[in-house]
**Q** 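Have a look at the structure that comes next, please.
Residue numbers start from 1 in every chain, and the chains themselves are labelled A, B, ... in the order their sequence lines are given, proteins ahead of strands.
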Amino acid sequence: AQSVTQPDIHITVSEGASLELRCNYSYGATPYLFWYVQSPGQGLQLLLKYFSGDTLVQGIKGFEAEFKRSQSSFNLRKPSVHWSDAAEYFCAVGASGGATNKLIFGTGTLLAVQP
Amino acid sequence: GAGVSQSPSNKVTEKGKDVELRCDPISGHTALYWYRQSLGQGLEFLIYFQGNSAPDKSGLPSDRFSAERTGGSVSTLTIQRTQQEDSAVYLCASSLFQGAYEQYFGPGTRLTVT
């Protein structure tokens, strides 16, 4: 069965420090992978996606993620975190084919940013 | 352009009452999804619409839950005889068509069952 694991429930980083949020997936075929961000009281905003091709993908707000098939990972990175990045981050996998195209989400990582 | 909108933003209801949650997808998006976000279960898929038909209802938790979509646009999620465990944020998302996997989410409806 498809699944997504985000091993870190909560992460605190200092403003200006680098960030890496981990995501591992389980999916039999080529996965479509996503990172979404959710600010308090808000819906989900798409940060970036991987469908195929270059395994290093760039997203909005200075985020990037790297797809590593051998490790079944799709970690999210940012070189310098801003206070406004404090939010909850969700990794998701989408079925590549089939009738549904539903997203399977990880449990999320809550990011706190210290001044 | 306008994003996905949902109404109401908040709904408080008494146990046993019926509620209707509305979703207006992005204009021209043929695929529409409902998800539920709760503390215990995280983000869960509920139902998927392609046009007005629902080829995947596998995530609906019980027969108290139903949804419809009319005119290939607006969708309504109905919960009958609400229970306290139905308390959650209900999120709607849309995408351009089935093959486009970028789903755009609305702000959600926070449902509280007392």
**Q** With only heavy atoms counted, which part of A:Q38 is less than 4.5 Å from chain B, the side chain, the backbone, both or neither?
**A**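 Interface part for A:Q38: side chain.
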
**Q** Answer yes or no: are there more than 12 heavy-atom neighbours, outside A:K49 itself, under 6.0 Å from its atom NZ?
**A**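 Atom NZ in A:K49 is not crowded, with 12 or fewer foreign heavy atoms closer than 6.0 Å.
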
**Q** Which region of B:Q37, side chain (C-beta onward) or backbone (N, CA, C, O), has a non-hydrogen atom less than 4.5 Å from a non-hydrogen atom of chain A, or is it both or neither?
**A**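 Contact with chain A: side chain only.
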
**Q** Does A:L47 belong to the same Ile/Leu/Val/Met/Phe/Trp/Tyr cluster as A:L21, with side-chain heavy atoms less than 4.5 Å apart forming each link?
**A**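 A:L47 clusters together with A:L21.
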
**Q** Are the side chains of A:L103 and B:Y35 in touch, meaning some heavy atoms are under 4.5 Å apart?
**A**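 The answer is yes; the side chains approach within 4.5 Å.
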
**Q** What's the separation between atom NZ in A:K102 and atom CD1 in B:I47, rounded to the nearest 0.5 Å?
**A**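 One gets 12.0 Å once the value is rounded to the nearest 0.5 Å.
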
**Q** Got a donor-acceptor contact below 3.5 angstrom from the A:Y36 side chain to the B:F105 backbone?
**A**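 Such a contact is absent between A:Y36 side chain and B:F105 backbone.
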
**Q** Are B:F65 and B:L32 joined in one hydrophobic group, where the rule is that I, L, V, M, F, W and Y side chains link up if heavy atoms are under 4.5 Å apart?
**A**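 Linked, B:F65 and B:L32 end up in one cluster.
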
**Q** Look at the side-chain heavy atoms of Ile, Leu, Val, Met, Phe, Trp and Tyr, link any pair under 4.5 Å apart, and say whether A:V93 and A:V37 land in one connected group.
**A**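 Yes.
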
**Q** Select one option (side chain, backbone, both, neither) describing which atoms of B:L91 are under 4.5 Å from chain A's heavy atoms.
**A**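 B:L91 touches chain A through side-chain heavy atoms alone.
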
**Q** Hey, any chance B:Y48 and B:Y104 share a hydrophobic cluster, counting ILVMFWY side chains that come within less than 4.5 Å of each other, even indirectly?
**A**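 No.
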
**Q** Please check if atom CG in B:L39 has more than 12 non-hydrogen atoms from other residues, nucleotides or ligands closer than 6.0 Å.
**A**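 Atom CG in B:L39 is not crowded, with 12 or fewer foreign heavy atoms closer than 6.0 Å.
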
**Q** Is it the side chain or the backbone of A:L46 that comes within 4.5 Å of chain B heavy atoms, both, or neither?
**A**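 When you check distances to chain B, only side chain atoms of A:L46 fall under 4.5 Å.
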
